[in-house]
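Structure first, commentary second.
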Amino acid sequence: MKRVKAKKYLGQHFLNDQHIAMQIVEALPIPPYKVLEIGPGMGVLTEHLSQKNEIDLSLVELDAESVAYLTTHYPQLSDKIIAADFLKMDLSLFFEGEFSIIGNFPYNISSQIFFKVLEHRDQVKSVTGMVQREVGRRLTSGPGNKEYGILSVFMQAWYNAEYLFTVDEHVFSPPPKVKSAVIRFTRNDVTDLGCDPGLFHKVVKTAFNQRRKTMRNSLKTFGISDDSEDVKALLQKRPEQLGVEEFVKLTNIVGASM
Ligand SMILES: C[S@@+](CC[C@H](N)C(=O)[O-])C[C@H]1O[C@@H](n2cnc3c(N)ncnc32)[C@H](O)[C@@H]1O
């Protein structure tokens, strides 16, 4: 069967390097044994995943041509190939209990994939895969880093983040314009952040939407009444200087002032 013709609008850049594919699959933390691969394309990761007998593998692929290719090459997986848009999939319908995600993700929707993971964090135990290098840095960097932002705080509130390695453009066909990164998130033990999660989201978003401002200025609209030394010190900082715990503290301060 012919190779799939790469479609730009689907973020298709096919990995040609078997060694890198194997490294990504080996980075997958198991258990859990249920694994969902997002965007298998022509199956460069699927090939290695399907050799792991302990894994119950499902694939979700939006491109009909790739689905046809996979069905021909992996007939044993044909009832595990979901021809769908991952972003629109009802995960609780497909998977009972916990599972892990793996993939060389379509770069045009990688942030949306991680926002969906956060929504389903009770089910998603880990995420291993490739994203644009800048996104990889952003998602895994900590406070004090210029790449640190909203999604870094949200992901790191619930997952341990690791930047595993950088991947060059030339191992893809067609090559993307930028380098890529393999990252891994493993859910931590936190079940309760220690503050209202909705308000936490609001505080983090408000802060990073005005990232040059101190917290005192960006959180003005919330009318913080606490003036203790502790709180003053927190409010003098800029969002990129604050870790998850400090955002939790701020959220509780905001909550108490409302
Ligand atoms: C960067 S390519 C990776 C392909 C293959 N895994 C590889 O490494 O060569 C991204 C893949 O995601 C698929 N894709 C794009 N948007 C998708 C979506 N919303 N849901 C599921 N798959 C999607 C593309 O068709 C493509 O096969």
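Note: hydrogens, waters and symmetry copies are ignored here, and every other heavy atom, side chains too, is used. Atoms within a ligand are numbered from 1 in the order they appear, just like the ligands themselves.
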Could you list the atoms of ligand 1 found under 4.0 angstrom from a heavy atom of Ile109?
18 (C), 19 (N)
Of all protein heavy atoms, the one nearest atom 7 (C) of ligand 1 is Val44 CG1, 3.5 Å
Below 3.5 angstrom, do we get any N/O pair linking Phe14 and ligand 1?
no
Mind checking what makes side-chain contact (heavy atoms from CB on, under 4.5 Å) contact with Lys179, not counting sequence neighbours?
Arg133, Thr166, Asp168, Glu169
Quick check, are the ring centers of Tyr33 and Phe99 under 6.0 angstrom apart?
no
Considering only protein heavy atoms, which is closest to atom 15 (C) of ligand 1, and at what distance to one decimal place?
Leu10 O, 3.2 Å
Nearest candidate to atom 4 (C) of ligand 1, where distance is taken over non-hydrogen atoms, out of Gly39, Ser66, Ala6:
Gly39
Counting heavy atoms only, name the option from Val60, Asn16, Leu62 that's nearest to atom 23 (C) of ligand 1.
Leu62
Going by the angle between their ring planes, with limits at 30° and 60°, are Phe247 and Phe208 parallel, tilted or perpendicular?
tilted
Lys/Arg N to Asp/Glu carboxylate O, Glu26 vs Lys52, below 4.0 Å
yes
Have a look at Met130, Lys88, Glu61 and point out the one with the heavy atom closest to atom 25 (O) of ligand 1.
Glu61
Tell me, which protein residue and heavy-atom name are nearest atom 5 (C) of ligand 1, and how many Å apart are they?
Pro40 O, 3.3 Å
Minimum-distance protein heavy atom relative to atom 26 (C) of ligand 1:
Gln12 CG, 3.5 Å
If you count the non-hydrogen atoms of other residues, nucleotides and ligands that lie under 6.0 Å from NZ in Lys202, is the total more than 12?
no
Does Lys205 NZ have over 12 foreign heavy atoms under 6.0 Å away?
no
If you scan protein heavy atoms around atom 8 (O) of ligand 1, the nearest is Asn104 ND2, 2.6 Å
Please say whether Phe86 places an N or O atom under 3.5 Å from an N or O atom belonging to ligand 1.
yes
Just how far is it from atom CG of Leu235 to atom CG of Leu250, taken to the nearest 0.5 Å?
6.0 Å
Kindly confirm or rule out an N or O of Asp63 lying under 3.5 angstrom from an N or O of ligand 1.
no
Using side-chain contact (heavy atoms from CB on, under 4.5 Å) as the criterion, point out the one residue from Ser110, Ser111, Ser180 that pairs with Val131.
Ser110
More than 12 non-hydrogen atoms from neighbouring residues, nucleotides or ligands closer than 6.0 Å to CD on Glu96, yes or no?
no
Would you mind checking which non-hydrogen protein atom is closest to atom 16 (N) of ligand 1, with the distance to 0.1 Å?
Pro106 CG, 3.6 Å
Among Gly41, Pro176, Gly11, which residue places a heavy atom closest to atom 2 (S) of ligand 1?
Gly11
Report, in ascending order of atom number, the atoms of ligand 1 lying under 4.0 Å from any heavy atom of Leu15.
7 (C), 8 (O), 9 (O)
Between Asn108 and ligand 1, which residue portion shows a heavy-atom distance shorter than 4.0 Å: side chain, backbone, both, or neither?
neither
Considering residues, nucleotides and ligands other than Glu245, do more than 12 of their heavy atoms fall under 6.0 Å from its CD?
no
Is ligand 1 under 4.0 Å from a heavy atom in the side chain of Ala84, in the backbone, in both, or in neither?
backbone
Determine, for Phe95 and Lys34, whether the Lys NZ or Arg CZ falls below 6.0 Å from the six-membered ring centre while staying within 45 degrees of the axis.
no
At under 4.0 Å between heavy atoms, is it the side chain or the backbone of Asp85 that contacts ligand 1, or both, or neither?
both
